[in-house]
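No hydrogens, no waters, no symmetry mates; every other heavy atom, side chains included, goes into these values.
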Amino acid sequence: MSRDHVEPIERSGSEAEAAVQGAEAAPGVPDGVPGGAEAPFLELLARGAPAEAYERPVPLARAEGLPAERIAALEHAKLLALRVRSELEGRRRREAELSALFETAHDLAGLRDVDAVLQAIVQRARSLLGTDVAYLSLNDPVRGDTYMRVTEGSVAARFQQLRLGMGEGLGGLVAQTARPYVTDDYFRDDRFRHTTTIDAGVDDEGLVAILGVPLMLGANVIGVLFAADRRARVFEREQIALLGSFAALAAAAIDTANLLTETRSALADLERANEIIQDRSAVIERASDVHDRLAELVLRGGGVHDVAAAVSQVLAGTVEFTEAVEAPAGALETSRAEGHAVRHDDDWIAAVTAGGELLGALVLRGHPGLDPVDQRTLERAAMVTSLLLLARRSAAEAEQRVRGELLDDLLDARDRDPRVLRERASRLRADLDATHVVLAARLEAGAADADQEAAARRRLWSAASHLAATRHGLAAARDGGTVLLLPLAPGDTATELAHRTARHLGTAVHEAVTVGASGPVQDLAARPDAVVAAYAEGRRCVEALRLLGRCGDGAAADDFGFLGLLLAGDRDVTGFVERTIGEVVAYDERRGTDLVRTLDAYFACGMSPARTKDDLHVHVNTVAQRLERVARLLGEDWQSPARALEIQLALRLHRLSARIPD
């Protein structure tokens with residue numbers, strides 16, 4: 001019990017005498033025996049009186065004039081009573097300390113919030129030691145300093161937020177030696193290093209006497225527990241030991257909290273690992289299912305569209321195989337370059353490639369949200385599709401060689417039995433009695449060496465053979481390029497077929513391919529020589545396109561008319577056009593006029609200004625003014641027969657090279 005909470009006991013002389021008499025009259029205590037003087041002190045012990053109350057019976061006895069023997073007996077009884085009282089107080093104090101330690105240990109055993117446990121430790125330490133302030137600091141290994149973790153009784157904000165360098169202040173001395181330290185007067189103690197920050201915080205709090213004990217985990221100091229007063233004070237050994245016990249519990253609480261944190265972290269890691277394992281297990285199962293389905297398709301001879309159907313079921317969407325020309329060009333090229341499926345709007349595109357050659361694409365329709373596993377499934381299906389296409393191509397190469405041999409026989413115009421030719425074509429699913437077009441195809445990009453050029457030609461022949469097989473035609477490698485014999489569908493034209501073929505082959509080989517087409521030919525089995533003539537016509541178209549600067553394009557013989565004959569061979573078409581009408585073309589480009597169109601209309605209308613103005617929907621004076629300007633640019637003899645023929649030819653060539661429609 002604290003002295004501050006016990007009322008002082010004051011007694012009168014008669015009360016003291018009564019107490020002495022009561023002691024004398026106490027039964028079992030013979031007169032003259034010193035033990036009879038213990039009665040008043042036993043009463044004080046029973047009442048829990050303060051220590052100063054034990055000094056009153058002796059002076060009262062002297063004042064009453066009691067015998068010296070009685071006074072001596074009272075003195076002796078007082079000493080015994082004070083010793084008993086001190087022992088009782090010590091036991092009560094130890095009981096309170098043990099109770100507080102037990103409660104703290106109980107809190108620690110049911111640890112839920114380490115901050116709450118540390119706060120309870122600091123509160124109990126302050127209460128049992130009777131100090132003004134108690135606080136606990138912890139070391140921060142990351143920042144290399146120490147900081148205030150918990151305070152009790154503190155009133156200064158700066159003190160509560162102190163961060164100290166390692167080895168500074170009283171706490172630094174405790175941490176350095178791993179032993180308790182106490183100072184009766186902080187500011188006059190030079191055993192530890194004072195700093196401006198610490199001294200300012202201690203001064204704000206008004207602390208004088210400070211006791212610090214280390215928080216130990218093994219041999220390491222992790223912090224310090226303090227008890228402090230705002231007045232000078234001497235801390236007893238028992239108080240130092242008590243604070244050390246609380247420090248041990250605080251260290252245990254921190255260690256337990258760290259272990260709990262590590263355990264929770266480990267459990268969280270295990271949960272995440274378990275989730276990953278479950279996800280991976282599902283991924284493996286799905287991948288195994290896809291692998292089994294695709295393997296079964298390949299083993300039973302399934303085709304590309306069977307693969308697309310199987311993947312559609314796995315991905316719960318619509319998967320289609322498309323030709324390269326039908327897929328989005330940008331997304332397809334990105335997929336081919338990166339080797340992964342790429343998103344295009346709400347679709348996913350996976351390029352089907354083999355050896356750098358683009359064979360087509362697998363397209364997943366209307367499925368924008370695709371996880372990595374499903375994306376990988378689509379990519380794997382594209383790989384299987386490419387393998388199926390390669391296998392089919394390998395099987396078809398023999399057929400393609402047969403197709404090439406048949407076309408070679410037709411091009412060589414050998415004497416062949418029409419019946420035999422028809423039978424050979426029928427086995428190749430070709431119909432020589434249908435209307436066909438002969439197309440000559442040439443690569444335009446120059447190769448760096450002979451090997452690269454030969455590889456490019458092989459790719460062109462392979463792509464052309466694949467196209468011929470799918471269109472029920474024939475293809476063969478010839479004269480450094482490729483020749484195709486393709487049927488002409490009703491409503492189709494040779495020009496359109498040439499355009500499509502140039503675009504298809506160029507996309508397939510990733511290089512510009514120029515295609516020249518003959519006019520339609522019929523009855524090929526009976527007239528093999530017609531194929532030879534048509535092939536020559538197609539080659540002339542290729543040369544014409546090259547001379548006109550339209551490499552990588554396609555055209556038919558009908559597009560050039562008689563100019564096809566003039567354009568055969570090595571002709572300087574560009575130079576001829578420049579020399580003949582270059583001034584007029586340049587004038588139009590500079591001024592934004594329409595002289596070239598006016599000349600075209602003028603010659604088309606039989607060189608009649610009246611009909612020309614109707615064709616151009618302008619006034620006849622406008623036509624006259626334009627023709628005067630032409631005369632100044634080309635010379636006054638521009639309408640002479642020879643010059644007029646050259647100008648008309650140049651206009652025609654200019655229109656063809658610019659692909660201006662008639």
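Using a 4.5 Å heavy-atom cutoff, the side chains of Arg459 and Glu511 are in contact. Between Thr197 and Leu162 there is a side-chain heavy-atom pair separated by less than 4.5 Å. Counting heavy atoms from C-beta outward, Leu215 and Val221 have side chains that stay 4.5 Å or more apart. You'll find the side chain of Leu358 reaches within 4.5 Å of the side chain of Leu332, heavy atoms only. Considering only heavy atoms from C-beta on, Glu320 stays 4.5 Å or farther from His305 through its side chain. Looking at heavy atoms from C-beta onward, Leu242 lies in side-chain contact with Leu129 at the 4.5 angstrom threshold. Inter-residue side-chain proximity for Arg336 and His510 is flagged as met; some heavy-atom pair is nearer than 4.5 Å.
Judged purely by atom type and a 3.5 angstrom limit, Thr146 uses its side chain to pair as donor or acceptor with the backbone of Leu138. No side-chain donor-acceptor contact under 3.5 Å links Ser335 to the backbone of Ala331. For the pair Ser312 (side chain) and Thr318 (backbone), a donor-acceptor distance under 3.5 Å is absent. Side chain of Gln160 to main chain of Ser154: a donor-acceptor pair is present (N/O by atom type, distance under 3.5 Å, no hydrogens or angles). When atom types are taken as modelled, the side chain of Ser127 and the backbone of Gln123 share no donor-acceptor pair closer than 3.5 angstrom. Checking side-chain atoms of Glu55 against main-chain N and O of Glu52 turns up no donor-acceptor pair under 3.5 Å. Between the side chain of Ser137 and the backbone N or O of Gly223, no donor-acceptor pair lies under 3.5 Å.
Closest non-hydrogen pair, Val352 versus Ala382, comes out as CG1-O, 3.9 Å. Minimum heavy-atom separation, Ala251 to Leu217: O-CD2, 3.6 Å. The shortest non-hydrogen separation linking Thr131 to Ala227 is CG2-CB, 3.9 Å. Nearest heavy atom pair, residue Leu74 against residue Pro40, reads CD2-CG, 4.3 Å. Here the closest non-hydrogen pair linking Val133 and Gly153 is CG2-O, 3.7 Å. Summarising the geometry of Ala381 relative to Val307, their closest heavy-atom pair is O-CG1, 4.0 Å, with the distance given to 0.1 Å.
Arg126 has no carboxylate O lying under 4.0 Å from a charged side-chain N of Asp132, or vice versa, which leaves the two without a salt bridge. Under a 4.0 Å N-O distance rule, the pair Arg149/Asp115 qualifies as a salt bridge. Between Arg62 and Glu75 there is a salt bridge, since at least one side-chain N of the basic residue sits less than 4.0 Å from a carboxylate O of the acidic one. A salt bridge is absent between Glu275 and Arg272: the closest approach of a Lys/Arg side-chain nitrogen to an acidic carboxylate oxygen does not fall below 4.0 angstrom.
With 3.5 Å as the limit, one finds no donor-acceptor pair spanning the side chains of Asn139 and Tyr147.
Counting only residues at least two apart or on different chains, the salt bridge (charged side-chain N to carboxylate O under 4.0 Å, His left out) pairs with a member in residues 204-227 are Arg158-Asp204, Glu205-Arg230.
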Do Phe159 and Tyr135 pass the side chain to side chain contact (heavy atoms under 4.5 Å, CB included) test, and can you show the C-alpha distance, the side-chain angles, and the key distance before you say yes or no? CA-CA 10 Å; Phe159 180 78; Tyr135 51 98; 3.5 Å; yes
Please report the C-alpha distance between Val319 and Val363 in whole Å, then the side-chain angles of each, then the deciding distance to 0.1 Å, and finally whether the side chain to side chain contact (heavy atoms under 4.5 Å, CB included) criterion is met. CA-CA 5 Å; Val319 178; Val363 181; over 6 Å; no
Full working for side chain to side chain contact (heavy atoms under 4.5 Å, CB included) between Arg343 and Asp347: CA-CA 6 Å; Arg343 181 176 172 180; Asp347 301 337; over 6 Å; no
Begin from the C-alpha positions of Val224 and Leu170 and carry the test side chain to side chain contact (heavy atoms under 4.5 Å, CB included) through to its verdict. CA-CA 10 Å; Val224 179; Leu170 177 64; over 6 Å; no
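Interatomic distance, Met166 CE to Asp140 CG, rounded to the nearest 0.5 Å: 9.5 Å. The CD atom of Glu323 sits 11.0 Å away from the OG1 atom of Thr507 when rounded to the nearest 0.5 Å. For the atom pair Ile240 CD1 and Ser245 OG, the distance stands at 12.0 Å (nearest 0.5 Å). Between the CD atom in Glu152 and the CD1 atom in Ile121 there is a gap of 13.0 Å [rounded to 0.5 Å]. Distance check, rounded to the nearest 0.5 Å: OG1 of Thr151 to CG of Leu118 gives 12.0 Å. Ile210 CD1 to Asp185 CG: the interatomic distance, rounded to the nearest 0.5 Å, is 9.5 Å.
When ring centroids are compared, Tyr186 and Phe192 come within the 6.0 Å threshold.
Among the candidates Thr322, Ile349, Val311, Leu378, the single residue satisfying the side-chain contact (heavy atoms from CB on, under 4.5 Å) test with Leu362 is Leu378.
Between His194 and Phe187, the two ring planes are parallel [angle under 30°; tilted spans 30° to 60°].
Among residues two or more places apart in sequence or in another chain, the ring pair (Phe, Tyr, Trp, His ring centres under 6.0 Å) test is passed with Tyr54 by none.
Within a 6.0 Å radius of CZ in Arg191, more than 12 heavy atoms belonging to other residues, nucleotides or ligands are found.
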